[in-house]
Each structure stands twice: as structure tokens, then as C-alpha cells.
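Below: one structure, written as C-alpha cells.
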Amino acid sequence: VSGDDAAIAADLARRIAAGDRAAEAELVARYSRGLLYHLRRMTADPALADDLHQDTFRVVLERLRGEGLADPERLGGFLLRTARNLFLGGYRKRARRGESQPDEEAAEPADPAPGQLARVLRAEEDRAVQSLLGELGTPRDRQILLRFYVAEEDKERICADLGLSPLHFSRVLFRARQRFKELLGGVGAAGRAGVR
Amino acid sequence: MEHDWIDEHQVAERYLLGQLAAAEAAEFEEHSLGCPECLDRLEAAEGLAAGLKRAAAQEAALWGVVLQAGLFARLARLGRSRQASILVMALLLVVILPGGLLLRRVGELGRELDRARRPAVSTPPAPSAIVSARPPAADPEAPLRAARAAAAHDAHAAEAAERRAKSLAVELAEARQPLVNPLLLTLGAERSAPGGAEPSTRIDLASAPPWIVLILELDAPARPSYDLALRGPDGRVRWRGKGFTPDGKGDLSVAFPRSLLAPGDSTVEVLGPAPVARFPFRVIAGTAGGEG
């Protein structure tokens, strides 16, 4: 965690402990988007992620108002651990109560087909990817993207096979990601995590 | 975390692909929580990866239709087995498509060579053409040398792709063999901190059969399924898979091809939403007839 991250976290924790309501709003504003992003990846269930998002902030704020954190500079880590524990705790509780296969229900929704919004967003992503592939300067750049993102080969192997410098590799990936964002235009990716 | 460093080392992309060491992943995750720029990186990389995978799958399906005869049709029919289909996909994506692109590139370079030779024997261009053309190079042989160097470089890449195709073909041939007397090893979860004790289980690569089955004893599994990752001696993830269900005894059994293992200390990680357990083991190069 960088010095800036740690200093901001410690300051927020200290002010919330001192009863500063504005600091509580700042905490939510600073971490809300990131927490929701990681919760959606963690749960693969947007509705559950939304619930846990609320619960996590409630638990963390109660803790900060009360006994506080042993390491306030790691407030971000505490938020993530709390979110994970709440997620896992939900499974354990349901398992203890003998509820039927909560995970299977989550893993196999009644309608496994993507919803309308997800289909639209995917179509936009597909168009952006096709445009990006068409714009790439050389076939080698296309090969880099496919081998890294699709075949999931590591950078060293790709660079060795193609005789690339790490700098060239980094540039291709950086430009591809930036161009992909531009091609997606005003439709932010923020909402995609929950529907992918 | 510095953003230059994150971009230079593709930290966001490697986080999504599970290629970061555990400590680095945790650090980036914590940083990204309050960093809109890094969340943008993650979301863009996630969308790009998903779109590329769909595009590649469509291309692979297209090739599957085209190549319905000979070796590739036989390979495609092996898709009933997950491992075989992965290898087929890898062949299609890593070898055939780039190979085709390389061939096209070689053709382009040949044409560039022809064009580079032409000015030496043709009449000077008209003044109007000079305005829009590139300024003449000081060394007339320079474009030729550059084109030859580029052609040689791409030929090298084509050779590398061919070597990789042969390697994958060998792995595919091994994957098609029935499992006879696979090496069965039961592993217990690591109790001490990572790296605290030497792994007690050892696998001798020289005497091990092509497939090694690791039986992972989970303590009171709480989820119906788990993700698995094999981390090699260098700390990098060499394989990972999702959605494996423990058997009636709460164990997970996974068969690894010998070729996936490298000498040194490796670990199979069982992952839920967070790491659940680690199963370390040691791989030794050894000699035939050694401990398995």
C-alpha cells in the first residue's frame, strides 16, 4: 500500500473515531466503487454484492466508531477482509441451517442466459474488440493480445518467442487497453462487472 | 503502488489472470479499492479479455468448420475431453492463427523488398510524386537491409511457433493415452505459514508416470465447489481451473500431466472467494528408479 493510500486511510479512521460524520461520507465515497467491483467479482451475483456492499460499510463504520483498528493505515485491507468474511459467513450460516445447496442455486440461476443488458454490453465489447483488432499496427500486436489475454501465456514467454523487449510488450498492452476504453466510449465499464 | 510501475508490469491484467503472487495480488487489491484509475484499468482489461476470448472462440469455431478433414478434424473430435479441447484451442489460437498471420507478413515483406529494389532500375518519379513520397534515404541499401532483418525476425518467430506446435502435439498424444497406474499421492493442507516447513511429499520426475493424481484432503469443505491453482517453484501460476466439487469424503482429486511440473517446491492452492488451503509438494529431477 502506497504512502498516500496509507495516510488517507489513517486520517479517515482517526476522524471517524472522533465522531466526524463528514469523514464517514468520505470513506464511503472513496471506497464504494472499488468495494462493489471486488464484491461482484467475489460473488458473481450482483444482487448479493449490493447487499454485502451495504453490510460491509455498516460493520466497518461500527468498528471505526467503536474500538477502532489496530492498523488504521490498512483500512482498505480491513474493508476487503470484512467483505470476504461476510460473504463466507453467509454460506456457513445457510449450511448450518441446512438450507439446500445455496451455492448451487447461486451457480446455476433459473435462467442461465445473459439478460438483455448483459447482451447489449457484450455486443458493444465485441464491436470494440473487432475495431481494435482491425486497427492494430502489425499482426504481431494481435498475436501478443491473443497469447496474453486468451491463451494466458506469461509475458516472458511471449517476449522470448516473438523477440520483443518488455517495453514493446508493455506499450502494446497499454495502448490496446486505452484504445478499447475509447472505443467503448461513454458507456462506462463500471456497470459491466455486475452483468458479465 | 506507483501507476507507472502498474502499467509497466501489467499488474491489473496479471491480477485478473491470476498471475500475481499472493502478496502482490493482495497489495494491488487493497490499492485498487480506493483508486479510480486502477478500477478503470481493471474494468477495461476485464472487458478486453472477455471480448478477445469471444472473438477467438468465434475464429476457432470458424477454423473448425473449415478444417473438417485430416489431422485437425481428428483433433477437433477430441473436444469431448476437456483437456483435449483445451489443447486444440491452444493449437488453433497459438499456432495456426499467428502462423497464418506470419505467412501473410512474410508475403508483405517480400513485396516490400520488390518495391525497395524498383527505384534502382526505374526512371525518377514525376515532380508531383516527389512531393508526396518519402524523402530518399541516404543509404539506398538501408530499406533492403531493414526488410531482410524484419523477414529474418519473423522467420525466427515462425520457427518458434512451429516448435511450440510440436510440443503441443506431444502433449496431445500423451493426453490421448489411457491412465494406467497413475501416481496417486495424498496431500495434507499446509499448517504452518507459507514456506515455513519443507514439503514432505516428493515427486521424482525421472520415475513418475505421465500423469500424477494429487488427492487434496480438505478440512470440512464449506462450499460445493472450489477453484484450484498450481503454483510452480518460481511462484507463478502454471495452471488454474474453476468449479471443482469435493467427493463424498471432502477430498479433491486432480490429475496433473508430468510435463506441467518443474523441479522445485510447488503448491496446489484451493481457492474459494479467498484462499482456502495450500498443498505444498516438492518435485525433484531425480533419476529413474528414485522415490515417486
Side-chain angles (χ1 to χ4, degrees), chain A residues 1-2 5 8-9 30-31 33-35 37-38 42-43 74 76-77 79-80 84 87-88 91-92 95 101 103-104 107 122 125-126 128-130 132-133 138-140 142-143 145-155 161-163 170 173-174 176-178 180-181 184 189-190 192-193 196, chain B residues 1-2 7-10 12-14 16-19 26-27 29-36 38-57 89-90 93-94 97-98 101-102 104-105 153-154 156-157 160-161 164 222-225 236 240 243 272-274:
Chain A
V1 182
S2 75
D5 290 340
I8 292 169
R30 177 175 174 78
Y31 294 112
R33 180 185 164 201
L35 183 62
Y37 173 82
H38 286 291
M42 196 187 297
T43 63
R74 304 297 304 273
L79 270 160
L80 283 169
R84 278 201 191 95
F87 176 47
L88 291 173
Y91 278 114
R92 292 190 186 115
Q101 295 102 19
D103 276 342
E104 286 176 12
R122 281 183 190 181
E125 279 178 355
D126 290 346
V129 164
Q130 290 301 335
L132 174 69
L133 290 174
T138 65
R140 186 183 300 162
R142 176 192 167 101
Q143 197 180 154
L145 293 185
L146 286 172
R147 290 181 65 166
F148 185 70
Y149 281 113
V150 180
E152 300 189 4
E153 291 185 63
D154 62 26
K155 177 180 175 177
D161 281 356
L162 301 180
S170 299
L173 254 66
F174 178 79
R177 199 184 64 213
Q178 294 297 102
F180 179 71
K181 274 169 63 178
L184 281 179
R192 297 171 188 280
R196 180 171 289 120
Chain B
M1 276 190 160
E2 297 294 331
D7 282 332
E8 193 180 330
H9 293 87
Q10 296 80 47
E13 288 84 355
R14 287 164 55 224
L16 292 171
L17 296 172
Q19 293 178 356
E27 186 183 0
E29 203 170 57
E30 189 172 334
H31 164 75
S32 69
L33 196 68
C35 177
C38 282
L39 288 169
D40 284 347
R41 284 182 177 87
L42 283 168
E43 286 166 350
E46 197 173 7
L48 180 55
L52 281 169
K53 281 176 181 168
R54 287 194 294 273
M89 179 69 89
L93 292 174
V94 178
L97 296 181
L101 296 171
L102 281 167
R104 198 169 68 189
R105 176 70 177 143
H153 183 275
D154 278 5
H156 174 75
R164 182 147 174 75
R223 290 171 55 84
S225 70
R236 293 180 181 280
R240 63 189 170 89

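Below, chains carry the letters A, B, ... as their sequence lines are ordered, and counting in each starts from 1.
When all heavy atoms are compared, the tightest approach of B/A55 to A/V129 is CB-CG1, 4.2 Å. Shown here for A/E125 and B/G47, the closest heavy-atom pair between the two residues is OE2-CA, 3.5 Å.
Separating the CG atom in B/L33 from the CG atom in A/L80 is a distance of 4.5 Å, to the nearest 0.5 Å. The line from CG of A/D126 to CZ of B/R54 is 4.0 Å long, rounded to the nearest 0.5 Å. For the atom pair CG of A/D154 and CG of B/L17, the computed distance is 10.5 Å after rounding to the nearest 0.5 Å. A/Y37 contributes atom OH, which lies 7.5 Å from atom CG of B/L39 (distance to the nearest 0.5 angstrom). If you take NE2 on B/H9 and CG on A/L173, they are separated by 13.5 Å, rounding to the nearest 0.5 Å. Here A/Y149 contributes atom OH and B/Q10 contributes atom CD; the two are 8.5 Å apart, rounded to the nearest 0.5 Å.
Comparing B/E8, B/R14, B/R41 by heavy-atom pairs within less than 4.5 Å of chain A, the highest count is held by B/R41.
Ion pairing between B/D40 and A/R177 fails under the 4.0 Å rule for side-chain N and carboxylate O.
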Inset, instruction - Would you sort out whether B/E43 and A/R33 count as a side-chain contact (heavy atoms from CB on, under 4.5 Å), showing the intermediate values? - result: CA-CA 12 Å; B/E43 286 166 350; A/R33 180 185 164 201; 2.8 Å; yes
Inset, instruction - Apply side-chain contact (heavy atoms from CB on, under 4.5 Å) to the pair A/E152 and B/R240, showing each step before the final yes or no. - result: CA-CA 11 Å; A/E152 300 189 4; B/R240 63 189 170 89; 3.0 Å; yes
Legend entry - Test side-chain contact (heavy atoms from CB on, under 4.5 Å) applied to B/L48 and A/L132, step by step: CA-CA 10 Å; B/L48 180 55; A/L132 174 69; 3.5 Å; yes
Inset, instruction - Apply side-chain contact (heavy atoms from CB on, under 4.5 Å) to the pair B/S32 and A/H38, showing each step before the final yes or no. - result: CA-CA 9 Å; B/S32 69; A/H38 286 291; 2.8 Å; yes
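In this structure, chain B has heavy atoms under 4.5 Å from both the backbone and the side chain of A/A176. Contacts of A/Q130 with chain B are made by side-chain atoms alone, with heavy-atom separations under 4.5 Å and no backbone atom involved. Proximity to chain B (any heavy atom under 4.5 Å) is shown, for A/Y31, by both the backbone and the side chain.
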